[in-house]
Amino acid sequence: MAVVAALIVAGLYLAHRAAAIASAPLETLPFQSGWRPEEHALSRYHVRWYLATLLFLAFDVEMLFMYPWAVVVARLGAAAIVEMFVFLGGAFVAVLWAWREGALRWA
């Protein structure tokens with residue numbers, strides 16, 4: 001069975017190599033749909049957007065924490081509520097810091 005599988009894979013590989021059309025590598029780049037890149041892919045965005053991205057990720061992870069918490073809050077009682085207020089307090093401190101740093105200024 002291994003020999004048959006190896007022959008099938010080898011046959012498919014040879015068929016692909018025989019039917020493949022060679023193209024220029026610059027035209028098949030995924031960056032800008034195959035056009036010639038005018039700048040480096042990582043240099044297109046201003047550095048201020050990285051802080052906004054980190055804020056988005058932080059609050060996205062916060063939502064990942066809050067959904068399961070909402071399911072079990074009734075079972076866990078007051079300890080879960082205190083835990084959530086401590087968590088939200090930390091998130092609020094992060095928002096204040098980001099506001100002070102100017103991450104929430106969009107222009």
Side-chain angles (χ1 to χ4, degrees):
M1 252 178 120
V3 173
V4 172
L7 287 175
I8 290 173
V9 169
L12 289 174
Y13 176 74
L14 291 174
H16 171 70
R17 293 293 290 176
I21 298 172
S23 61
L26 194 56
E27 293 175 2
T28 58
L29 290 173
F31 180 65
Q32 290 186 350
S33 301
W35 294 12
R36 291 183 183 264
E38 296 176 3
E39 69 265 346
H40 193 274
L42 297 178
S43 65
R44 298 181 295 162
Y45 301 107
H46 194 276
V47 72
R48 73 173 176 247
W49 297 114
Y50 290 110
L51 192 53
T53 303
L54 287 176
L55 274 174
F56 169 76
L57 289 174
F59 288 106
D60 194 35
V61 170
E62 176 187 350
M63 287 291 105
L64 287 174
F65 180 66
M66 289 178 83
Y67 286 138
W69 174 83
V71 172
V72 297
V73 68
R75 191 170 7 136
L76 297 178
I81 294 173
V82 169
E83 180 182 346
M84 183 53 71
F85 274 109
V86 168
F87 181 74
L88 290 176
F92 185 69
V93 169
V95 168
L96 290 178
W97 174 81
W99 194 343
R100 188 190 74 190
E101 293 293 319
L104 301 176
R105 260 186 264 130
W106 300 109

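Worth knowing before you read on, the calculation uses all heavy atoms, side chains too, and leaves out hydrogens, waters and symmetry mates.
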- Note on the structure: Taken to the nearest 0.5 Å, the spacing of Leu7 CG from Leu12 CG works out to 11.0 Å
- Going hydrophobic residue to hydrophobic residue with side-chain gaps under 4.5 angstrom, can you get from Leu55 over to Trp99? yes
- Quick one: pull up CZ in Phe85 and CZ in Phe92 and give me the separation to the nearest 0.5 Å. 13.0 Å
- Task: Give a yes or no on whether Phe87 and Val93 share a hydrophobic cluster (residues Ile, Leu, Val, Met, Phe, Trp, Tyr; joining criterion: side-chain heavy atoms under 4.5 Å apart).
- Result: no
- Message: With clusters defined by side-chain heavy atoms of hydrophobic residues (ILVMFWY) lying less than 4.5 Å apart, directly or transitively, does Val73 cluster with Phe65?
- Response: yes
- Task: Examine Met66 and Val61 and state if one hydrophobic cluster contains both, with Ile, Leu, Val, Met, Phe, Trp and Tyr joined whenever side-chain heavy atoms are less than 4.5 Å apart.
- Result: no
- Task: Would you sort out whether Trp69 and Leu76 count as a side-chain contact (heavy atoms from CB on, under 4.5 Å), showing the intermediate values?
- Result: CA-CA 9 Å; Trp69 174 83; Leu76 297 178; 5.8 Å; no
- Message: Within the 4.5 Å heavy-atom criterion, are Trp97 and Arg100 side-chain neighbours or not?
- Response: yes
- Task: Establish whether Leu64 and Met84 are linked, either directly or via other cluster members, by ILVMFWY side-chain heavy-atom contacts under 4.5 Å.
- Result: no
